[in-house]
Q: 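Below is one structure. I have some questions about it.
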Number of protein chains: 2
Amino acid sequence: MPDDRIAHLVKDVTRALVRALHAGLAEHSVSFGHWTYLRILWERDGLTQRELSDEAGVMEPSTVTAIRSMEQLGYVTRAQLPENRKNIYVHLTAKGRALKAKLVPLAEEVNHIALAGIPVREVNITREVLMAMIENLAGRD
Amino acid sequence: MPDDRIAHLVKDVTRALVRALHAGLAEHSVSFGHWTYLRILWERDGLTQRELSDEAGVMEPSTVTAIRSMEQLGYVTRAQLPENRKNIYVHLTAKGRALKAKLVPLAEEVNHIALAGIPVREVNITREVLMAMIENLAGRD
DNA sequence: CTGATATACTTAGGACCCTAAGTAAATAGG
DNA sequence: CCTATTTACTTAGGGTCCTAAGTATATCAG
């Protein structure tokens, strides 16, 4: 069980991060799934669902469900434009934009806790290794 | 978005690993969830569902669902002992034990691909950082 | 010994993500 | 032009994991 462990470690860290963030987000009626899309939209508003899926790194059906639920919560609107009736453009509402001020500090706190006491140099190496792993796994399709 | 990215990186690596392993496992009628429990039982047979949950790092209801489905596939048996009718002991069948020879090489291949070209030293640092993160996040409950 | 507590499993229901297959609109080729 | 392909979104269904609440058994305390 040498290299094998790293896959399980990665999985366990993901679960730990999700668990840690979940409680705080829930207080603002934001699920972990919504968080991913909010982050993207705060950076760049008015993306299509396809673009959102690409940015989030998930498949389209996952985005459909999430965005629909965010629409019902009043965080985003979905709109078609006359020049292209196929695309659906997702825009933040004022309510959705306002969440940024509350949620970003929360995520920063969790990251701060997660990385406490770990040398920056090692965190950077980890970041590079993780990116290399994604690259390696993406190739084979 | 400095430290913040590491959370998303970890999540993305998990997804990439799951995707990569999924196809191979599916050929042997093993889902990704079953894989976790099989690995544990190959090491130590006859654990209770509670012990399996602890080992796998998941909650009990998740284990109930998975083990029941593995029982139906004929990979494990569930048995009570007269001296304690509360515990349910899970044992591998011959079929479940036989999967090891097919599945382990498959997982090793995925790990090999994922870590290709990454210096062992850096992988080890990553392993340590990930374990430290789990430790950091476990504390706050 | 018997009531309170702890333990092990189960049920119910929800969130997230996936694959496969369907629909509708846009685009490209003959 | 009009058919064929591609693109964007949707629907259907399944797997994994969670929390909360329920049931049955075991254990502990008075």
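Chain naming here is simple, since letters A, B, ... match the order of the sequence lines and numbering starts at 1 in each. Reckoned from all heavy atoms, side chains included, excluding hydrogens, waters and symmetry mates.
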Q: So which nucleotide from D:dA20, C:dC16, C:dC17 ends up closest to the side chain of B:P61?
A: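 Of all the options, the side chain of B:P61 is nearest to D:dA20.
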
Q: Check the distance between C:dC16's C1' and B:D12's CG and give it to me in whole angstrom.
A: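 Taking CG of B:D12 and C1' of C:dC16, I get 15 Å after rounding.
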
Q: Any sub-3.5 Å donor-acceptor pair from A:S62's side-chain atoms to A:V58's backbone N or O?
A: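 No, because the side chain of A:S62 does not come within donor-acceptor range (under 3.5 Å) of the backbone of A:V58.
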
Q: Nearest-Å distance, CG (B:L81) to C1' (D:dT25)?
A: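 From B:L81 CG to D:dT25 C1': 14 Å.
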
Q: Any luck finding a side-chain donor-acceptor pair between A:H8 and B:R39 under 3.5 Å?
A: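 Yes, B:R39 and A:H8 have a side-chain donor paired with an acceptor closer than 3.5 Å.
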
Q: Specify the separation, in whole Å, of atom CZ of B:R19 and atom P of D:dG14.
A: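 My rounded result for the distance is 21 Å.
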
Q: Which is more 5' along DNA chain C, the nucleotide nearest A:G33 or the one nearest A:E83? Just name the residue.
A: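 Whichever sits nearer the 5' end wins; that is A:G33.
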
Q: With a 4.0 Å cutoff (strictly under), does any side-chain N or O of A:K11 reach OP1 or OP2 of D:dT16?
A: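 It does not, given that no N or O in the side chain of A:K11 lies less than 4.0 Å from OP1 or OP2 of D:dT16.
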
Q: Please give, in whole Å, the distance from D:dG14 P to B:Q72 CD?
A: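 Whole-Å distance recorded here is 14 Å.
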
Q: Rounded to whole angstroms, how far apart are CZ on B:R68 and C1' on D:dT16?
A: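 Value for this atom pair: 15 Å.
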
Q: In whole angstroms, how far is the P atom of D:dG15 from the CE atom of B:M70?
A: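 The distance from CE of B:M70 to P of D:dG15 comes to 14 Å, rounded to the nearest Å.
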
Q: Treat primed atoms plus P, OP1 and OP2 as sugar-phosphate and everything else as base, then score nucleotides 2-9 of chain D 5' to 3': B for base contact with protein heavy atoms under 4.0 Å, S for sugar-phosphate contact only, - for none.
A: -----BSB

Q: Tell me: CG of B:L25 to C1' of D:dG15, nearest whole Å?
A: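 Rounding to the nearest Å, CG of B:L25 and C1' of D:dG15 are 13 Å apart.
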
Q: Taking the nucleotide of DNA chain C with the closest heavy atom to each, which residue, A:F32 or A:R85, is nearer the 5' end?
A: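 It is A:F32, whose closest nucleotide lies nearer the 5' terminus.
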
Q: Can you measure A:L21 atom CG to C:dC16 atom P for me and round it to whole angstrom units?
A: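 Rounded to the whole Å, the gap is 12 Å.
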
Q: Donor-acceptor pair, A:T126 side chain versus A:E122 backbone, under 3.5 Å?
A: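 Indeed, once roles are kept as given, a pair shorter than 3.5 Å links the two residues.
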
Q: So which nucleotide from C:dA15, D:dC18, C:dC18 ends up closest to the side chain of A:S31?
A: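 So the nucleotide nearest the side chain must be C:dA15.
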
Q: Ion pair present between B:R44 and B:E51, side-chain N to carboxylate O less than 4.0 angstrom?
A: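 Not counted as a salt bridge, because no side-chain N and carboxylate O are separated by less than 4.0 Å.
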
Q: Taking A:R85's backbone N and O only, do any of them form a donor-acceptor pair with A:Q80's side chain (distance below 3.5 Å, no angle check)?
A: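 Yes: the side chain of A:Q80 pairs with the backbone of A:R85.
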
Q: Looking just at side-chain N and O atoms, do A:Y37 and A:T63 make a donor-acceptor pair shorter than 3.5 Å?
A: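 Their side chains do contain a donor-acceptor pair, which is all the 3.5 Å distance test asks for.
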
Q: Of all the choices, D:dT16, D:dT19, C:dC18, which nucleotide is nearest to the side chain of B:M59 once you look at every atom?
A: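 My answer, after comparing the listed nucleotides, is D:dT19.
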
Q: Heavy atoms under 4.0 Å, any strand shown: does B:S62 hit a base, just sugar-phosphate, or nothing?
A: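 Touches a base.
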
Q: Output the rest of the hydrophobic cluster of B:I88: all Ile, Leu, Val, Met, Phe, Trp and Tyr residues reachable through side-chain heavy-atom contacts under 4.5 Å, sorted by chain and number.
A: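 Once heavy-atom contacts under 4.5 Å are chained together, B:I88 still belongs with nothing else.
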
